[in-house]
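These notes are about the structure you will find just below.
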There are 2 protein chains.
Amino acid sequence: MAEVMDAAIKPRQRRKEARPAELLAAALEVFAEKGFAATRLEEIAARAGVSKGTVYLYFESKEALFKAAIETAMTPAVEAVEAIANDPTRPAAEMLRCFVVGWWERIGTTQLGAVPKILVAESGNFPEVARWFHETIISRAQRAVARLIQIGIERGEFHPVDPMLAARVVFSPMFAIIIWRRAFGHFMPDLPEPRRFLDEALAILTYGLVARKKDES
Amino acid sequence: MAEVMDAAIKPRQRRKEARPAELLAAALEVFAEKGFAATRLEEIAARAGVSKGTVYLYFESKEALFKAAIETAMTPAVEAVEAIANDPTRPAAEMLRCFVVGWWERIGTTQLGAVPKILVAESGNFPEVARWFHETIISRAQRAVARLIQIGIERGEFHPVDPMLAARVVFSPMFAIIIWRRAFGHFMPDLPEPRRFLDEALAILTYGLVARKKDES
DNA sequence: AATAAATTACCGACCGGTCAGTAATTTATT
DNA sequence: AATAAATTACTGACCGGTCGGTAATTTATT
């Protein structure tokens, strides 16, 4: 929005350094809204405050722009996310909460939250990108959670569940809320506050729905 | 496959009654794979064993075909799914399991499993369809689960959670596995057996990850 | 029963519009 | 003035949608 207005006021600026990043941000936005095939390069260009031709000064093709947008958006978040829950001094349940909340705040609430939806949508058309995403993002994060659960089990804090399966279970509510917000959020005023939802999810995941008769937590 | 071969052997069959259903099935398949914009009508026609022109004998437009494919696929499943868990004589946890397993078997394992992925992908381009899907499928099912949880709470079988939030939490693993299978299943041999995953999810949701010191379930 | 006439499901070439990508041109910067 | 950045005008491929024609089927006629 701001870029577009600037562009209207000051057309034909020369800002070689800033263009790629602005184009990538705009691309992520539009791809997230419309999917790959339905987005027009002209719209991306317009949102970045340039004309279509300019896009080709910085990117080979639409597909290259697409891949670059996803990779540059996600990669810096990966290490940060992986490190989030690596403080084994605290109780396992607390580390789990830290991880989920941290992931939500770093991915779900930001521009990056668009990426899962894009990849689900385009997995059929871009299997290589989907594979890359799954291996370097989802799998990696799930392995981290699985390790964390493994520690919890070894310490006797958790039931002896299958760590990898349990990691996926823990992941599910986060994945679901990110997708739901982006896909159905517009016309869904009754969508729960994500933090409340995640808190409830964490509570259920840690203590379960079933009330014990004897002792209460 | 069989249709295509038959078509190659016996071109130009006249089967007015069978065409619409075959076209809808083929459409659902291709739309699920490629998304709306990227699917070519010619491919749908080919998979249904007819030519492109024939599609327009039975459907107004690509968009009409898209909507029809989704609606006719989902609608018959809705009532069945809603009735699944309406036997309040059994324990709440058992009803919950019934619902999740039933949903998985009726939606997840069939052609219908493609619909959630399509709608996530196209929610930006077809807000009306997405809204319809959310209201008549997701919301409806979640309300059913919420009612079920409410009963569990009133009976003292469940903790006093927020039923609507908890319903979404229960829904998440099912939603996630359906999406994951369709989006990343092809190149993911290590994806868990869905039934094992759902069993683990149910176990965690009902009893929680945290082990109680005093009594063991 | 055989054949001709009428009907209609189906085909596929074609048209028009759209859009990714490119080449020619203009404008900013040094 | 030289060059690099950005725009504009253009091209060609592609695809949704149409339509004249064709072949399968039904009905009428003998």
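Treat the numbers as computed from the prediction; the structure is a model and nothing was measured. In what follows, every chain begins at residue 1, and chains take the letters A, B, ... in the order their sequences are listed. What's counted below: heavy atoms across the whole structure, side chains too, no hydrogens, waters or symmetry copies.
Sequence order on DNA chain D of the closest nucleotides to B:Ala38 and A:Lys16 puts A:Lys16 first from the 5' end. In terms of position along DNA chain D, the nucleotide closest to A:Ser51 lies nearer the 5' end than the nucleotide closest to the other residue of the pair A:Ser51 and B:Glu42.
Neither OP1 nor OP2 of C:dC10 sits under 4.0 Å from any side-chain N or O of B:Thr54. Considering only side-chain N and O atoms, A:Arg40 lies nowhere under 4.0 angstrom from the phosphate OP1 or OP2 of C:dT18. Within the 4.0 Å cut-off from OP1 or OP2 of D:dA6, at least one side-chain nitrogen or oxygen of A:Tyr58 is found.
The side chain of A:Arg14 sits closest to D:dA4 out of D:dA4, D:dT7, D:dG16. Residue A:Leu57 has its side chain nearest to D:dA6 when only C:dA20, D:dG17, D:dA6 are considered. Listed candidates were D:dG16, D:dA6, C:dA20. Nearest to the side chain of B:Lys62 is D:dG16.
Judged purely by atom type and a 3.5 angstrom limit, B:Lys117 uses its side chain to pair as donor or acceptor with the backbone of B:Ala32.
Atom CD of A:Glu63 and atom P of C:dA20 are 13 Å apart (whole Å). Look at CD1 on B:Ile44: it is 8 Å from P on D:dG16, rounded to the nearest Å. The CG-C1' distance, from B:Leu65 to D:dG17, rounds to 13 Å in whole Å. At whole-Å resolution of the value, CD in B:Gln13 and P in C:dC11 are 9 Å apart. Straight-line distance from the CD atom of A:Glu17 to the P atom of D:dA4: 14 Å, rounded to whole Å. Taking atom CD on B:Glu22 and atom P on C:dC10, their separation rounds to 10 Å, with Å as the unit. If you measure from atom CD of A:Glu43 to atom P of C:dT18, you get 15 Å, rounded to the nearest angstrom. Computed from coordinates, the B:Lys34 NZ to D:dC14 P distance equals 14 Å when rounded to whole Å.
Aromatic ring pairs are classed by plane angle as parallel below 30°, tilted from 30° to 60° and perpendicular above 60°; the pair B:Phe36 and B:Phe126 is perpendicular. Ring-plane geometry between B:Trp103 and B:Phe171 is classed as perpendicular, the angle between the planes exceeding 60 degrees on a 0 to 90 degree scale with a lower cut at 30.
Across all strands shown, C:dG17 forms a Watson-Crick or G-U wobble pair, both distances under 3.5 Å, with D:dC14. The base-pairing partner of D:dA9, taking Watson-Crick or G-U wobble contacts with both distances under 3.5 Å, is C:dT22. Both distances falling under 3.5 Å, in either a Watson-Crick or a G-U wobble arrangement, place D:dA28 opposite C:dT3.
Between B:Glu22 and B:Arg47 there is no salt bridge, since none of the side-chain N atoms of the basic residue sits less than 4.0 Å from a carboxylate O of the acidic one. A salt bridge links B:Arg131 and B:Glu135; the closest N-O separation between the charged side-chain nitrogens and carboxylate oxygens is under 4.0 Å.
If you check distances only, the side chain of A:Lys52 does reach the base of C:dG21 with a donor-acceptor pair under 3.5 Å.
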